[in-house]
2 protein chains.
Amino acid sequence: MPARSKRADALRNQQTLLAAAAAVFVTSGVDAPMREIAARAGVGLGTIYRHFPTRADLIVAVYRHQVEACAEAGPTLLTETDSPFAALRQWVDLFVDFLVTKHGLANALQSDSSGFEALHTYFLDRLVPVCAQLLEAAVNADEIRPGTHAYELMRGIGNLCIGHDSDPRYDPRRLVELLLQGLQRPQSP
Amino acid sequence: MPARSKRADALRNQQTLLAAAAAVFVTSGVDAPMREIAARAGVGLGTIYRHFPTRADLIVAVYRHQVEACAEAGPTLLTETDSPFAALRQWVDLFVDFLVTKHGLANALQSDSSGFEALHTYFLDRLVPVCAQLLEAAVNADEIRPGTHAYELMRGIGNLCIGHDSDPRYDPRRLVELLLQGLQRPQSP
DNA sequence: GACTAAGCGGAACGCCGTTCCGTATATTTC
DNA sequence: GAAATATACGGAACGGCGTTCCGCTTAGTC
């Protein structure tokens, strides 16, 4: 019993809000004042909170497609790439690219303030299993040392992506690459 | 001409504030409301801002000793440890321990909001040269590959220390160790 | 067209950083 | 010791932001 379906204006507003949020996130980052988003969408503050009770809900809704795409790319890369480690590296690249192009998203991802919990949860629930699969394949192929947990790796990568735009001398990609190399099994037998 | 020396009560308040801030930082993190610190010190808000115009100034003042100690440990470790890479590893451990025991400090260090600039600046100005020296020694000893910049490494390590207390499954030390291993020169000639 | 429940807007509250200035006091001067 | 003055103090006040709440509006229904 799906109750009664939502009102038309509610659905319209939800879409408008998503579009407005996406636009504002680009220019002002994911920490932009809620008022700014509401104003851009031409709705009241109450409306934004009714549709997206927490900021995290809004962020998740805005980026869900891209996260899904990233998650789905995992298995694909695994089958289409000859070495599992190469697949892992490409997948991580995808993830880093995603984070790095969203102002403040990496920061928000790690924020421990309640309210961002949903964000944290969604990203990790969706992506950690994918990462784990890639990791396991690479371990089985004897390309990397076992013992690294996907959760930890994902959070580490996320952390490394913080603040990349504050200084041109800091490029998260180089450090992530270093991390991956640290993962590689020493070639001694 | 050192102008006239400060008033006695001003000096006393400065000390009181430092102690109060140190105590509050332990319990509420370095983001604790300024009011809380002022209250704890038993002074007005104006006083805290007069002595420490920005939050970063206060944080720097509170932790200056420890940062100095860490900076000075660099050269010492280098002479007292047989391998430069081992010295680097120990030094990094020191730095991680420092960051990990200060709630929210790692976050603050990376915050790009103006006002934390002084913090960023002080930490990096003081520690990057030390790290660079260790790095260079390890490169010269042919223990690690050249091409990594101390600035980038320090920021990466700082980033990895963010959020360590939000989940027991996340241990920055393991990832930092991975990073260091990624630095090591592959043992192929 | 009237009814009703779903949805809307934005005023209002609380928290926080930061500024500003009337008041209090340490220090110097006589 | 008292007056003079530079210094420092306290906390009210302002603005920005997140979040809640409720009287009003409107879409969907009969």
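In this text, all values refer to a predicted model and were calculated from it rather than measured experimentally. Letters A, B, ... are given to chains in the order of the sequence lines, protein chains preceding strands, and every chain is numbered from 1.
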message: Taking the minimum atom-to-atom distance to the side chain of A/P33, which one of C/dA26, D/dG18, D/dG10 wins?
response: D/dG18
message: Rounding to an integer number of Å, can you tell me how far A/E36 CD sits from D/dC17 C1'?
response: 12 Å
- request: Starting at atom CG of A/D57, determine the distance to atom C1' of D/dG18, rounded to an integer number of angstrom.
  value: 15 Å
query: Nearest-Å distance, CG (B/L45) to P (C/dC15)?
result: 15 Å
field: Side-chain donor/acceptor of A/R7 to base of C/dA6, under 3.5 Å
entry: yes
- prompt: NZ of A/K6 versus C1' of C/dA5: gap in Å, rounded?
  reply: 13 Å
task: State whether A/H51 places a side-chain N or O below 4.0 Å from either non-bridging phosphate oxygen (OP1 or OP2) of C/dG7.
output: no
- prompt: Given D/dG10, C/dC8, D/dG28, which nucleotide is nearest the side-chain atoms of A/A10?
  reply: C/dC8
query: Tell me: CD1 of A/I37 to C1' of D/dT19, nearest whole Å?
result: 14 Å
query: Between the side chains of A/T16 and A/N13, is a donor N or O closer than 3.5 angstrom to an acceptor N or O?
result: no
message: Looking at A/R55 and A/D31, is any side-chain nitrogen of the basic one under 4.0 Å from a carboxylate oxygen of the acidic one?
response: no
field: side-chain N/O B/T47 vs D/dG10 OP1/OP2, d < 4.0 Å
entry: yes
task: Looking at every strand, decide which applies to B/R50 at a 4.0 Å heavy-atom threshold: base, sugar-phosphate, or nothing.
output: base
message: Let's see if you can work this out: which of D/dG18, C/dC8, D/dG10 has an atom nearest to the side-chain heavy atoms of A/M34?
response: D/dG18
field: Separation of C/dT19 C1' from B/I48 CD1 (nearest whole Å)
entry: 15 Å
- line: Considering only heavy side-chain atoms of A/R55, the closest of D/dT19, D/dG18, D/dG10 is D/dG18
message: Base, sugar-phosphate or nothing for B/R35? Non-hydrogen atoms, less than 4.0 Å.
response: base
query: Taking atom P of C/dA6 as reference, at what distance in whole Å does atom CG of A/L11 sit?
result: 14 Å
message: Without decimals, in angstroms, what is the distance between B/Y49 OH and D/dC9 C1'?
response: 16 Å
message: Please verify the inter-ring angle class for B/F98 with B/Y63; under 30° counts as parallel, over 60° as perpendicular, anything in between as tilted.
response: perpendicular
field: Earlier contact from the 5' end, DNA chain C, for B/D9 and A/N13
entry: A/N13
statement: Here the pair of heavy atoms bringing A/G182 nearest to B/Q181 is O-OE1, 3.7 Å
- request: For the residue pair A/S166 and B/R155, confirm or rule out a side-chain donor-acceptor distance under 3.5 Å.
  value: yes
